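Working notes, structure below.
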There are 4 protein chains.
Amino acid sequence: MDGEVKKKQPGEKKERRRLEIITGALKLFARKGFYATTIPDIARSIGMSVGNLYNYFSSKELLAQAIIRHISAQLGAKIRVVNESDLSSREKIEKIVTIYFETAQKEPEMIDFFLRIYLSNREVFREGCEGMICVNEFVTEIMIFFDDGVARGELRNQDFFSAFGLFMGYLGGMVFLAGEAILPKPLEAYVDEISTNIYRALKAE
Amino acid sequence: MDGEVKKKQPGEKKERRRLEIITGALKLFARKGFYATTIPDIARSIGMSVGNLYNYFSSKELLAQAIIRHISAQLGAKIRVVNESDLSSREKIEKIVTIYFETAQKEPEMIDFFLRIYLSNREVFREGCEGMICVNEFVTEIMIFFDDGVARGELRNQDFFSAFGLFMGYLGGMVFLAGEAILPKPLEAYVDEISTNIYRALKAE
Amino acid sequence: MDGEVKKKQPGEKKERRRLEIITGALKLFARKGFYATTIPDIARSIGMSVGNLYNYFSSKELLAQAIIRHISAQLGAKIRVVNESDLSSREKIEKIVTIYFETAQKEPEMIDFFLRIYLSNREVFREGCEGMICVNEFVTEIMIFFDDGVARGELRNQDFFSAFGLFMGYLGGMVFLAGEAILPKPLEAYVDEISTNIYRALKAE
Amino acid sequence: MDGEVKKKQPGEKKERRRLEIITGALKLFARKGFYATTIPDIARSIGMSVGNLYNYFSSKELLAQAIIRHISAQLGAKIRVVNESDLSSREKIEKIVTIYFETAQKEPEMIDFFLRIYLSNREVFREGCEGMICVNEFVTEIMIFFDDGVARGELRNQDFFSAFGLFMGYLGGMVFLAGEAILPKPLEAYVDEISTNIYRALKAE
DNA sequence: GATGAATGAGCTTTCATTCAT
DNA sequence: AATGAATGAAAGCTCATTCAT
């Protein structure tokens, strides 16, 4: 009478489909922008009908919001690993920069969506992603990294947002420049320089 | 110095009208985004007919490109003044940060357009603004600032783009956070902290 | 009286479900109109799946037609009681008016469906409810009332439809005005006046 | 300096186009219903592009509201002529019934729109036609007819809406029956009988 | 130069209906 | 009998752009 009843858990296969949509839409949005990507585009790219797509996400905006939550969770999880290690702040910075750039290299759509869709089309996220709630998991990990560093005496105690803006603005800026094919060297080649810059900016004393 | 023939310089009044369009469109684009702003919107906002507007800019994209060039020129000019002064690099950084934040405060549409329209809707600038040519004047001034600092031995010699990404990514990130009303303090209150962070990251030794 | 085999009577439980659908759909149609009511709406409102609903009614139109037949039967039955009484025509008119208004008050969806769905969306009833066959039971009772009155010498002998149009058009018009909250008095307050008007119009001499 | 300036009166030709749309849309709405008539249908029927139609009416609902106002004005004007004559109430009733039926015969779309679109799809008129304001001109004339009759002692003084419901419900009902091809005789053949019924119902004493 | 009516492709979204389970 | 995911045609509406005046 309590043997796990599998049936009727509202998802399972539906959850898989949902993820397919998110992944497919993410790619298109990142490549072409929010407005230049149409719902038929997305549906076609994953072999689903327009109507059915709407059974999963009842508007284009809601889909975009699900995507940013997805990205935030993915990136957050990767950084959590770093936070849970016992590296020094200097080493953690390098790890995080590496993670960010690797992601930008291997799954460019994730970072691109973040930079070009989420940060720029605020009207799309106004209702449903107030403040930073849709990006909460990611921000939280950066906050933990920073607080830990301060607690250990490795980083200067300053307004979190000042440090956050430096860290994320810098990385975002570099990925943008890379995307525009302006950088003379490949992104990875900058890891050391950038980590050093960030560390110098944030370190104690 | 006054013999110049006024009439028939290919523009003059036309040039004035052109600037009106740029200024009006800039405001609307920055406020509502590229796609949500319509040509009739723009025409109406400056009391001009759609048809006539097309006599000045033959497409919405070309108008947007003219705007970003305009912004780049404005910001570039402000930074040139700093570069031409004989302040130390540390002081110049503070000046530039102040200029950027003041602009964000007083003419938010300029920075907003840069962050939300130019950086994000790349498809709009793909043809006509390859690389950073439309933003050239601004980038050049930052480059001059950096090279001077290095030449004077005040800044570490490193890849320019690494320094540029730090500087502009950081400032852009902070303005974004301010725009989202996430910052606990007003933007100006961060000038010192941020300038310090940037200087520490870039300084020699 | 109890030997009847319960199982396998081609309906029984099926008949009960059918009625549930009719009642539920009636409410929604009357409230929101034919086109604004969706099949999923209806299914949800009675806790049935869309697929299964189609086992009972193979199209939205057929469902609407079943509903109007249902209403006609209900109203017809109520009027039959009046016809079978031995009241005078004057009294019968008053009874019928009262029944109509009471129904409009207590089960507004019945009258509303009649006025707003059946009378207006003729395209829905074009095939399947030609003429007045779907509303036959109701019309028949009005006809009986009229013929009786004429036979008894209480009502003037005239074209039935002229009398029918007066009777039903009048009542429908009043319910409409009531629904629009235009009437200064509650509907019941008009029973006497209206019955008098109808009687004067139809009475012999 | 005061010779009538024709230019720039906001309409003229535009007004003509507007009327074309109203007339064309009226026909389609009356024939197929509000929801079954599409904007492309309407545009095609008058040889205009969809986009341009929206320059005249910014929504389907607003178009429908313009139509009912148009109809009300037309019918109101016809009845006004009767009101301004010095016929007896009995004769006026006959005139009005004749006008109504003639209109139903010659321009059936006007009466049909009134009965099937305006009266039934209230949601369409909820915002913009509150109460009876869109149908004001017509109702006013009926009110004048009634008040005059009472003032002259020809009609019984009773609640106006009771009389209005009788008059208009009756006529509407008859046109409906005619439209359903249920009447054994042509509509005009009923004028006398109906006028008599109405007169008997309303007359003094 | 200036006007704004006109075009029409294209967008997001809806929904009756089907069908594999 | 029952489910609800899937389909896809079609709807209302928008807007960059053109062009006759």
Side-chain angles (χ1 to χ4, degrees), chain A residues 7-8 10-11 13-14 16-18 34-44 47-63, chain B residues 13-14 17 34-44 47-64, chain C residues 13-14 17-18 34-44 47-64, chain D residues 7-8 10-14 16-18 34-44 47-63:
Chain A
K7 223 182 357 154
K8 259 346 29 153
K13 178 172 140 198
K14 194 154 186 188
R16 222 182 317 131
R17 288 296 251 156
R18 214 185 110 93
F34 181 77
Y35 291 102
T37 301
T38 73
I39 295 286
D41 279 351
I42 297 170
R44 198 175 316 114
M48 177 181 264
S49 70
V50 175
N52 200 21
L53 196 152
Y54 270 87
N55 284 155
Y56 291 83
F57 297 96
S58 56
S59 81
K60 202 182 173 184
E61 296 200 348
L62 254 20
L63 173 53
Chain B
K13 176 174 151 197
K14 182 151 192 181
R17 288 297 250 158
F34 181 77
Y35 290 101
T37 302
T38 72
I39 295 287
D41 275 353
I42 297 170
R44 198 174 317 114
M48 178 183 264
S49 72
V50 238
N52 199 19
L53 194 153
Y54 269 85
N55 285 151
Y56 292 83
F57 297 95
S58 58
S59 83
K60 200 181 174 186
E61 297 199 349
L62 286 178
L63 173 54
Chain C
K13 176 173 152 198
K14 182 150 191 181
R17 290 294 252 158
R18 221 184 104 91
F34 181 77
Y35 290 100
T37 302
T38 72
I39 296 286
D41 275 354
I42 297 170
R44 196 174 318 113
M48 177 182 265
S49 71
V50 237
N52 199 20
L53 194 152
Y54 269 84
N55 285 150
Y56 292 83
F57 297 95
S58 57
S59 83
K60 200 181 174 185
E61 297 199 348
L62 287 177
L63 172 54
Chain D
K7 225 186 348 158
K8 250 11 339 185
E12 187 150 6
K13 179 171 141 199
K14 195 155 188 187
R16 222 182 316 131
R17 288 296 250 157
R18 215 185 109 93
F34 182 76
Y35 291 102
T37 301
T38 74
I39 296 286
D41 280 350
I42 296 170
R44 198 175 316 114
M48 178 181 264
S49 70
V50 175
N52 200 21
L53 195 153
Y54 272 88
N55 284 155
Y56 291 82
F57 297 96
S58 56
S59 81
K60 203 181 173 185
E61 296 201 349
L62 253 19
L63 172 53

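The structure presented is a predicted model; accordingly, all values stated were derived computationally and were not measured. Lettering follows sequence order; numbering is per chain, from 1.
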| said: If I compare all heavy atoms of A43(A) with all of S49(A), which pair ends up nearest, and what's the gap? | reply: CB-C, 4.0 Å
| message | Less than 4.0 angstrom between a side-chain N/O of K13(D) and OP1 or OP2 of dA5(E), yes or no? | response | no
| What distance separates M48(C) CE from N55(C) CG, expressed to the nearest 0.5 Å? | 8.5 Å
| message | Taking ring-ring contact (aromatic ring centres under 6.0 Å, His included) as the definition, give me every residue that meets it alongside Y35(D), ordered by chain and number, with sequence neighbours left out. | response | Y35(C)
| Euclidean distance, atom NZ of residue K14(D) to atom P of dG4(E) [Å, nearest integer] | 9 Å
| Looking at residues 49-61 of chain C, who's got a heavy atom less than 4.0 Å off DNA chain F? | S49(C), V50(C), G51(C), N52(C), N55(C), Y56(C)
| query | Which residues pass the side-chain contact (heavy atoms from CB on, under 4.5 Å) test with R18(C), sequence neighbours left out? | reply | E15(C), I22(C), Y56(C), F57(C), A66(C)
| note | DNA chain F nearest-nucleotide lookup for G47(C) and R17(A): closer to the 5′ end is G47(C)
| field | Minimum heavy-atom distance K60(C)-I39(C), with the two atoms named | value | CG-CD1, 3.7 Å
| message | Ignoring hydrogens, what is the shortest heavy-atom contact between A64(C) and F34(C)? Give both atom names and the distance. | response | CB-CE1, 3.8 Å
| field | Contacting residues from residues 34-43 of chain A, given that a heavy atom lies under 4.0 angstrom of DNA chain E | value | T37(A), T38(A), I39(A), P40(A)
| message | Could you write out DNA chain E as dot-bracket? Rules: Watson-Crick or G-U wobble, both distances under 3.5 Å, brackets [ ] for crossings, | for pairs with another strand, dot for unpaired. | response | .||||||||||||||||||||
| What residues, two or more places apart in sequence or in another chain, satisfy side-chain hydrogen bond (donor to acceptor under 3.5 Å, both in side chains) together with T38(B)? | D41(B)
| task | Using atom CZ of R18(A) as one end and atom C1' of dA6(F) as the other, report the distance to the nearest whole Å. | result | 18 Å
| task | Write down the distance between CZ (R44(D)) and C1' (dG12(F)), rounded to a whole number of angstrom. | result | 14 Å
| Excluding sequence neighbours, so at least two apart, what forms side-chain contact (heavy atoms from CB on, under 4.5 Å) with S58(A)? | L62(A)
| said: So, using side-chain hydrogen bond (donor to acceptor under 3.5 Å, both in side chains) as the criterion, who are the partners of N52(C) when residues are at least two apart? | reply: none
